[in-house]
Every structure is written in C-alpha cells, then in structure tokens.
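Notes for the one structure printed next.
Hydrogens, waters and symmetry mates are skipped; everything else that's a heavy atom, side chains included, is used. What you see is a predicted model, and the numbers here were worked out from it, not measured in a lab.
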Amino acid sequence: MVVGVLKLTLYLPENHSLKGKRGVIKKIKARVGEKFNVSIAECDAHDLWQRAVLGVSQVGAEKGHVESCLQEVVRFIDDMHVAELGDEELDFVHY
C-alpha cells in the first residue's frame, strides 16, 4: 500500500479578501472532489488573501499510479485558470 501526499501552493494575485479566497478554494475542492478519488484540504496560509496551500492525498497499491493521479490533479487545477500554481511537494509513504 502506498500513500501519496501532495502539498500545492497556489497564488491568487487578483484576490483582495479572505471571502474571495474561500470562494476560489471551495470551487477547486468541489471540482477536484467530483473528478478524482482523493482527499483535499486547505492546510496552510489560512489568513493570507493571495496565497493558499492545499494538501491532496491518495492511497493506492502502486506508487506509479498514485503519482500519476496526483500529477493529473495538478494539471486539472492549472487548467481551471482560477489560481497560479506555485511550489509542489510530493511525498510517498509505503506500508
């Protein structure tokens, strides 16, 4: 069993309030949740208007499959054009 964890930083340069940020994050979480079998949550930078840090995780049998799924999530978020992608950190835990 492999657990893949993705830490993704997003930049929201056009955003000017926490309310606007929450709307963008809510939209991303809803769309990703509908399309992919992953868990997703905002995990840092809660009080910053123009930056968000999302944590995305998936469990699978093979590292390659989990890694490709998490990379597909990154591409999907980028294709939404609601935020600019920043740093990506990908980590795996094997059981």
What about [X] and [Y], same hydrophobic cluster or not, with Ile/Leu/Val/Met/Phe/Trp/Tyr joined at side-chain heavy-atom distances under 4.5 Å?
X     : Y     : value
Val59 : Val56 : no
Leu48 : Val24 : no
Leu90 : Phe76 : yes
Leu54 : Tyr11 : no

Verify side-chain contact (heavy atoms from CB on, under 4.5 Å) between His16 and Gln50, making sure each step is shown before the conclusion.
-> CA-CA 7 Å; His16 300 291; Gln50 296 181 330; 4.3 Å; yes
Please examine the side chains of [Y] and [X], heavy atoms only from C-beta on, and report whether any two atoms are closer than 4.5 Å.
X     : Y     : value
Ile77 : Leu10 : yes
Leu8  : Val53 : no
Val5  : Val93 : no

Qualifying residue for salt bridge (charged side-chain N to carboxylate O under 4.0 Å, His left out) with Glu42, from Lys21, Lys26, Lys29 | Lys21
Where is the tightest heavy-atom contact between [X] and [Y], given as atom of each residue plus distance?
X     : Y     : answer
Phe36 : Cys69 : CD2-SG, 4.2 Å
Cys43 : Gly55 : SG-N, 3.6 Å
Ser17 : Gly20 : OG-N, 3.0 Å
Leu12 : Ala83 : CD2-CB, 3.3 Å

What is the distance from atom CG of Asp91 to atom CG of Leu70, rounded to the nearest 0.5 Å?
-> 11.0 Å
To the nearest 0.5 Å, what is the distance between CZ (Phe92) and CD (Gln58)?
-> 9.5 Å
Counting only heavy atoms not in Asp79, do more than 12 sit closer than 6.0 Å to its CG atom?
-> yes
Salt-bridge present (Arg75, Glu72; N to O < 4.0 Å) | yes
Does the side-chain contact (heavy atoms from CB on, under 4.5 Å) test come out yes or no for Leu6 and Val74, once each step is laid out?
-> CA-CA 9 Å; Leu6 169 70; Val74 172; 3.5 Å; yes
How far apart are the C-alpha atoms of Val82 and Ile28, what are their side-chain angles, what is the distance that settles it, and do they pass the side-chain contact (heavy atoms from CB on, under 4.5 Å) test?
-> CA-CA 8 Å; Val82 295; Ile28 290 171; 3.8 Å; yes
